[in-house]
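Atoms considered below: every heavy atom in the structure, side chains included; atoms not considered: hydrogens, waters and symmetry mates.
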Amino acid sequence: MASSLSASWTCQECKKRRRGAKHTTMTGRTICGSCQRGLDAVALGVMTGADTGSAMGNAVGIHGIREMLRRRLGKKD
(Lines give C-alpha, C1' and ligand atoms only; values in the text may rest on other atoms or scores of the structure.)
Protein backbone atom coordinates (compact mmCIF):
# COMPACT_ATOMS: atom_id res chain seq x y z
CA MET A 1 0.00 0.00 0.00
CA ALA A 2 1.37 3.41 -0.98
CA SER A 3 1.92 6.14 1.58
CA SER A 4 -0.30 9.23 1.37
CA LEU A 5 2.88 11.32 1.14
CA SER A 6 4.12 9.63 -2.05
CA ALA A 7 0.92 9.19 -4.04
CA SER A 8 -0.70 11.97 -6.01
CA TRP A 9 -4.34 12.68 -5.18
CA THR A 10 -7.01 15.31 -5.90
CA CYS A 11 -8.37 17.70 -3.28
CA GLN A 12 -12.17 17.50 -3.18
CA GLU A 13 -12.46 21.21 -2.34
CA CYS A 14 -10.14 23.02 -4.78
CA LYS A 15 -9.90 20.13 -7.32
CA LYS A 16 -6.09 20.47 -7.60
CA ARG A 17 -3.72 17.50 -7.86
CA ARG A 18 -1.68 17.30 -4.66
CA ARG A 19 1.15 15.36 -3.11
CA GLY A 20 1.50 15.33 0.61
CA ALA A 21 -0.66 15.11 3.66
CA LYS A 22 -4.39 14.57 3.34
CA HIS A 23 -6.93 16.03 5.72
CA THR A 24 -10.41 14.59 6.25
CA THR A 25 -13.34 16.89 7.03
CA MET A 26 -16.23 16.12 9.36
CA THR A 27 -18.27 15.11 6.32
CA GLY A 28 -15.61 12.67 5.12
CA ARG A 29 -14.17 14.70 2.22
CA THR A 30 -10.42 14.56 1.58
CA ILE A 31 -8.89 18.03 1.31
CA CYS A 32 -5.41 19.58 1.10
CA GLY A 33 -3.65 21.59 3.79
CA SER A 34 -4.53 24.93 2.24
CA CYS A 35 -8.24 24.12 2.14
CA GLN A 36 -8.03 22.76 5.70
CA ARG A 37 -6.55 26.05 6.93
CA GLY A 38 -9.37 27.93 5.20
CA LEU A 39 -11.98 25.66 6.75
CA ASP A 40 -10.42 26.15 10.21
CA ALA A 41 -10.43 29.94 9.74
CA VAL A 42 -14.10 29.94 8.72
CA ALA A 43 -15.05 27.79 11.71
CA LEU A 44 -13.12 30.08 14.07
CA GLY A 45 -14.73 33.18 12.54
CA VAL A 46 -18.23 31.76 12.89
CA MET A 47 -17.59 30.93 16.55
CA THR A 48 -16.44 34.49 17.30
CA GLY A 49 -19.37 36.33 15.69
CA ALA A 50 -22.49 37.42 17.56
CA ASP A 51 -24.73 37.39 14.48
CA THR A 52 -24.49 36.06 10.93
CA GLY A 53 -23.07 39.25 9.40
CA SER A 54 -20.28 39.69 11.90
CA ALA A 55 -19.52 35.95 11.89
CA MET A 56 -18.96 35.93 8.13
CA GLY A 57 -16.84 39.08 8.34
CA ASN A 58 -14.73 37.52 11.07
CA ALA A 59 -14.33 34.33 9.04
CA VAL A 60 -13.06 36.21 5.98
CA GLY A 61 -10.78 38.39 8.10
CA ILE A 62 -9.22 35.50 10.02
CA HIS A 63 -8.60 33.53 6.82
CA GLY A 64 -6.95 36.54 5.16
CA ILE A 65 -4.72 37.30 8.14
CA ARG A 66 -3.57 33.68 8.45
CA GLU A 67 -2.68 33.48 4.74
CA MET A 68 -0.84 36.82 4.87
CA LEU A 69 1.22 35.64 7.84
CA ARG A 70 2.06 32.36 6.08
CA ARG A 71 3.30 34.23 3.00
CA ARG A 72 5.38 36.67 5.07
CA LEU A 73 6.95 33.85 7.05
CA GLY A 74 7.84 32.05 3.83
CA LYS A 75 5.61 29.02 4.40
CA LYS A 76 4.83 26.96 1.33
CA ASP A 77 1.55 25.27 0.64
Visitor: I'd like to know if the side chain of Thr24 reaches the main chain of Gly28, judged simply by a donor and an acceptor atom lying under 3.5 Å from each other, with no hydrogens or angles considered.
Guide: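 It does not hold such a pair.
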Visitor: Could you tell me which residues satisfy salt bridge (charged side-chain N to carboxylate O under 4.0 Å, His left out) with Arg71, sequence neighbours excluded, listed by chain and number?
Guide: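 Residues passing salt bridge (charged side-chain N to carboxylate O under 4.0 Å, His left out) with Arg71: none at all.
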Visitor: From Arg18 CZ over to His23 NE2, what is the distance, rounded to the nearest 0.5 angstrom?
Guide: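 One gets 10.0 Å once the value is rounded to the nearest 0.5 Å.
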Visitor: What are the two closest non-hydrogen atoms of Cys32 and Cys11, and how far apart are they?
Guide: N-SG, 3.4 Å
Visitor: So, does Glu13 use its side chain to make a donor-acceptor pair with the main chain of Cys35 at under 3.5 Å?
Guide: no
Visitor: Are there over 12 heavy-atom neighbours, none belonging to Met26, within less than 6.0 Å of that residue's CE?
Guide: no
Visitor: Would you mind reporting whether Arg37 and Arg70 have side-chain heavy atoms less than 4.5 Å apart?
Guide: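 Arg70 reaches Arg37 side chain to side chain.
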Visitor: Looking at Ala21, is its backbone amide N or carbonyl O close enough to the side chain of Trp9 to form a donor-acceptor pair, meaning the two atoms are under 3.5 Å apart?
Guide: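 No, because the side chain of Trp9 does not come within donor-acceptor range (under 3.5 Å) of the backbone of Ala21.
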Visitor: Under 4.5 Å between side-chain heavy atoms, chaining through other members, with only Ile, Leu, Val, Met, Phe, Trp and Tyr counted: pull out the rest of the cluster around Ile31, sorted by chain and number.
Guide: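 Leu39, all in the cluster of Ile31.
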Visitor: Could you walk me through whether Arg66 and Asp40 pass the side-chain contact (heavy atoms from CB on, under 4.5 Å) test, one step at a time?
Guide: CA-CA 10 Å; Arg66 288 182 72 184; Asp40 289 346; 3.6 Å; yes
Visitor: Any chance the side chains of Thr10 and Arg17 put a donor and an acceptor closer than 3.5 Å?
Guide: yes
